[in-house]
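A short write-up of the structure that comes next.
Keep in mind that the numbers below use all heavy atoms, side chains included, and drop hydrogens, waters and symmetry copies. Per chain, numbering begins at 1; letters A, B, ... match sequence-line order. Fair warning: this is a prediction, and the values are worked out from it, not measured in the lab.
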Amino acid sequence: MDIDAIRAGKLQQLSGVRLEDEELSEAALQKANLVGASLAGCNLHRAQLNSAHLEGANLTGCNLAEADLRANLAGANLIQANLTEADLRGSNLRGANLMQVNVSGAAMAGAFFSGANLANANLQSADLRGADLRGCNLTQVNLQGANLQQADLRGATLLEANLEEADLQGANLAGANFSRANLLCARLQGVNIDGTILDEAYLVGTELAQV
Amino acid sequence: MLPGSILQKLKDRVTSMDGGGTLNLGVYYKNTLVALCHALEDALLEADYSSLVITAFQRGQWYLQEADRYSDIAKRSRHVTIMASADSSFAEHPTSQLPNVSLVSLRDNDPVEQEWHLIIVSPNYTAMVLCQELSDADYGPEGPPAHDLSRKFYGFWTFEPTLVQETARLAIAHIEDYNRDLAIQLDQHFQDIVARSQADGALCGVPTTDNLGNIVGQVVSYLQNSYQGLSGHAEIGFDAYPLRLGKNLVSNELQAFLRMAQLIDQTDLSNPMAAAEVATLAESLGQLLDLPAWQLHRLRLAGLLHRIATLPSVTSTLQTAAVDVPSGEVAPSCPLLPGTQILRKMNRMKAIATILTHQSEAWDGSGTPAGLSGDAIPLESRILGLVSCFQEQLATRCSAALAATSGQQTGALDVATPEDLATALAECQPEDSLRWDPKLLEAFSLLVSGLQQGLSLSVALPRVSSGLWLLDSHSDEELINPQPASTSA
């Protein structure tokens with residue numbers, strides 16, 4: 001496989017390709033077809049993956065820091081990937097596995113995460129404005145200081161999640177489970193909390209006002 | 001929140017106000033509070049504010065650690081009141097014996113015993129830290145931290161005169177339960193200060209570069225020193241440093257700037273949502289131009305802070321006539337705007353400071369301060385210049401409608417009619433290609449026509465206690481005259 005050609009964006013049809021542990025930082029992979037590809041352990045730092053097809057791809061342990069990932073990542077496997085400051089605005093991450101990923105400081109406004117598994121992920125200070133997180137597994141995630149304004153968290157599981165100082169203004173929390181979650185000084189103004197479970201949640205200093 | 005605590009009483013007071021205000025509470029480590037309080041207190045030593053200072057120290061022993069500093073503070077203050085639960089030698093320290101220092105020994109079941117207050121009221125400077133410690137149960141399954149500096153508090157700090165004065169009133173009422181004579185004496189001082197604060201020339205509600213700006217700069221420096229000092233505390237443990245305590249310090253540096261910007265908006269009744277609206281418009285324009293996410297965040301933050309660049313100094317505020325600048329004189333190099341210099345105290349504000357400095361440049365090179373032209377002007381500066389000019393025009397057009405709204409969170413975009421939007425844009429259009437970048441003006445016209453057709457932008461007031469999502473690794477970039485790129489790049 002010609003890695004240099006891939007990095008330069010000369011090869012676009014890469015579905016099912018196996019490229020494990022390769023050096024692909026700043027690779028030009030816009031619109032590339034990487035459906036079902038295995039890129040586990042690759043260094044994709046600052047890679048251009050906008051509009052790429054990564055459905056079902058294996059990105060386990062990849063370094064995707066500052067990468068442009070405004071792509072289709074439905075069902076992709078991103079376990080333990082590094083996504084710090086990555087651009088995931090409007091990305092399709094439905095059903096993706098994002099367990100233990102580090103997404104701190106990433107831009108994920110308007111991204112679609114429904115049904116994704118984000119257990120133990122680090123989403124500290126992430127921009128999740130208007131993100132669709134319906135039915136997500138967010139058990140023990142770190143969302144400290146994250147911006148979740150207008151996000152859709154219906155039916156999501158946030159057991160023992162850390163939401164300290166998070167901004168949930170205008171979010172939809174109907175049916176979400178916040179048991180033992182830390183909501184210290186979180187902003188919960190204008191939220192929908194129909195059927196929201198807040199058992200043993202830490203609500204000190206939380207500004208809670210329902211719509 | 002503990003019932004009967006000052007924080008709870010203030011929250012009740014604020015939520016019952018018109019429009020149901022909020023206090024925007026945040027989380028603070030003791031480490032942060034120490035640096036913050038030292039900065040706000042030491043500002044008292046810099047100028048003759050003749051302030052009234054009311055503090056709550058939880059335990060007498062914490063006061064004793066600060067008692068020597070408080071001796072200096074008392075010398076520059078009208079009166080200092082210290083509330084704490086009585087420890088053995090609490091009253092014996094020489095500071096406690098000073099004629100203008102009063103001690104209030106809190107009873108065991110008083111909720112104020114769990115609070116940390118610093119309330120400073122004077123005609124030219126108001127500031128406050130109002131926090132409450134987490135209860136053992138609130139710490140969660142991990143329980144309270146082993147190290148004192150990692151103890152957690154929640155609450156807020158502010159320079160807003162109305163909030164600080166309201167809290168001073170509540171604190172004096174609390175003191176009345178312990179010492180009626182002292183409360184009467186404090187109330188007299190307080191009433192006199194409030195009267196003076198409303199007089200012309202009082203600076204407590206007037207943000208300036210050299211009064212409030214200097215204090216904000218001092219807060220940032222003290223927090224930075226504390227950050228550097230953290231490495232000396234190996235005993236806090238890897239877990240706490242730098243991840244938790246350090247982040248909390250950086251968050252508060254940013255908060256200091258956001259609070260200053262907030263005060264600028266609050267004191268401008270004709271355009272009270274300028275920062276939030278400019279930030280939203282600038283970010284939306286950036287989205288239309290398909291800018292990367294980090295640039296949009298930078299644009300948003302620059303929008304929130306854009307008025308700091310044009311902050312006046314005390315001298316210019318007090319002068320009635322405008323200062324004459326000899327027309328023949330041209331500055332030899334790019335002059336430094338005092339407002340943006342305050343931002344430069346924080347390294348991660350470098351890019352923002354540059355953006356704000358050049359927001360008044362013109363596309364044809366006729367602008368200030370450096371006479372940059374075309375693409376040499378940072379893109380964010382070009383966007384911000386255009387958007388803030390439009391927003392200002394819009395606020396002027398909508399002044400009647402704005403004055404009619406009692407709610408605190410109503411801005412020009414909320415009340416503007418399609419005609420108002422068209423007129424505000426028309427005011428900008430004659431300067432196409434002169435002052436404004438033609439490509440930007442074209443894209444912005446599209447955005448405005450969207451607004452005219454009912455596109456609604458969500459203008460949320462910034463959450464000052466957690467703005468870290470707006471900072472990233474691009475925040476300290478040099479936007480003009482970059483360093484020579486390394487060969488590997």
Side-chain angles (χ1 to χ4, degrees), chain A residues 26 46 48 50 65-66 68-70 84-90 104-110 122-130 142-150 160 162 164-170 180-182 184-190 200-209, chain B residues 1-2 7-8 11 14-15 20-28 131-135 137-142 152-156 243-244 247-248 250-251 254-255 283 287 290-297 300 409 458 460-475 489:
Chain A
E26 301 187 31
R46 291 196 175 175
Q48 299 295 320
N50 33 326
E66 298 178 59
D68 188 344
L69 268 171
R70 290 176 289 168
T84 45
E85 295 187 24
D87 190 350
L88 286 150
R89 284 174 294 156
S104 59
M108 295 180 284
N122 179 8
L123 293 135
Q124 193 166 13
S125 302
D127 177 5
L128 282 154
R129 287 175 290 173
N142 180 4
L143 280 162
Q144 202 188 336
N147 191 340
L148 287 147
Q149 284 176 15
Q150 316 290 336
E160 297 175 18
N162 179 1
E164 213 169 279
E165 293 187 324
D167 190 349
L168 289 141
Q169 191 175 223
R180 296 189 298 283
N182 174 4
L184 189 62
C185 296
R187 175 151 83 166
L188 282 143
Q189 284 154 326
E200 296 178 64
Y202 298 96
L203 288 160
V204 177
T206 305
E207 300 189 66
L208 183 66
Chain B
M1 211 172 275
L2 287 171
L7 186 60
Q8 172 76 59
K11 186 176 177 248
V14 168
T15 8
T22 62
L23 291 179
N24 222 328
L25 303 177
V27 180
Y28 304 90
C131 284
Q132 202 166 105
E133 187 167 7
L134 293 193
S135 69
D138 292 333
Y139 275 111
E142 288 173 35
K152 248 178 179 176
F153 293 73
Y154 64 98
F156 74 114
L243 290 170
R244 293 201 203 162
K247 263 204 159 83
N248 201 238
V250 176
S251 165
L254 178 56
Q255 215 175 116
E283 195 185 0
Q287 274 166 348
D290 198 26
L291 298 185
W294 57 264
Q295 211 164 12
L296 293 179
H297 286 170
R300 179 166 191 87
Q409 295 189 14
S458 134
L461 275 181
R463 175 135 166 74
V464 282
S465 57
S466 55
L468 280 187
W469 68 281
L470 291 166
L471 288 183
D472 57 36
S473 53
H474 295 275
S475 308

Looking at B:Ser473 and A:Glu85, what are the two nearest heavy atoms and their distance? OG-OE1, 2.7 Å
Consider only side-chain N and O atoms of B:Ser458 and A:Gln149, and report whether a donor and an acceptor are under 3.5 Å apart. no
Option that, when pairs with chain A are counted at under 4.5 Å, heavy atom only, ranks first among B:Ser251, B:Ser465, B:Gly467: B:Ser465
In Å, rounded to the nearest 0.5 Å, how long is the span from CG of A:Leu184 to CG of B:Leu134? 5.5 Å
Pick whichever of A:Thr206, A:Thr84, A:Asp68, A:Val204 has the most heavy-atom pairs under 4.5 Å with chain B. A:Val204
Where on B:Leu470 is there a heavy atom nearer than 4.5 Å to chain A: the side chain, the backbone, both, or neither? neither
Under 4.5 Å heavy-atom distance to chain A, tell me which part of B:Ser135 shows up: side chain, backbone, both or neither. neither
If I measure from the heavy atoms of chain B, does A:Ala146 come under 4.5 Å with its side chain, its backbone, both, or neither? neither
Ionic contact status for A:Asp127 with B:Arg300, cut-off 4.0 Å: no
Within the side chain of A:Gln169, is there an N or O that forms a donor-acceptor pair under 3.5 Å with the backbone of B:Ala460? no
May I ask you to decide whether A:Arg129 forms a salt bridge with B:Glu283, counting only side-chain N to carboxylate O separations under 4.0 Å? yes
Minimal non-hydrogen separation, A:Ala107 against B:Ala293, with atom names: CB-CB, 3.3 Å
By a 4.5 Å heavy-atom criterion (distance strictly below it), what part of A:Glu66 contacts chain B: side chain, backbone, both, or neither? side chain
Proximal component of A:Glu165, with respect to chain B [non-hydrogen, under 4.5 Å]: both
What are the two closest heavy atoms between B:Leu468 and A:Ser125, and how far apart are they? CB-OG, 3.7 Å
By a 4.5 Å heavy-atom criterion (distance strictly below it), what part of A:Arg89 contacts chain B: side chain, backbone, both, or neither? side chain
Under 4.5 Å heavy-atom distance to chain B, tell me which part of A:Gln144 shows up: side chain, backbone, both or neither. neither
For residues B:Tyr154 and A:Cys185, report the shortest heavy-atom separation together with the two atoms involved. CB-SG, 3.5 Å
By a 4.5 Å heavy-atom criterion (distance strictly below it), what part of A:Ala166 contacts chain B: side chain, backbone, both, or neither? backbone
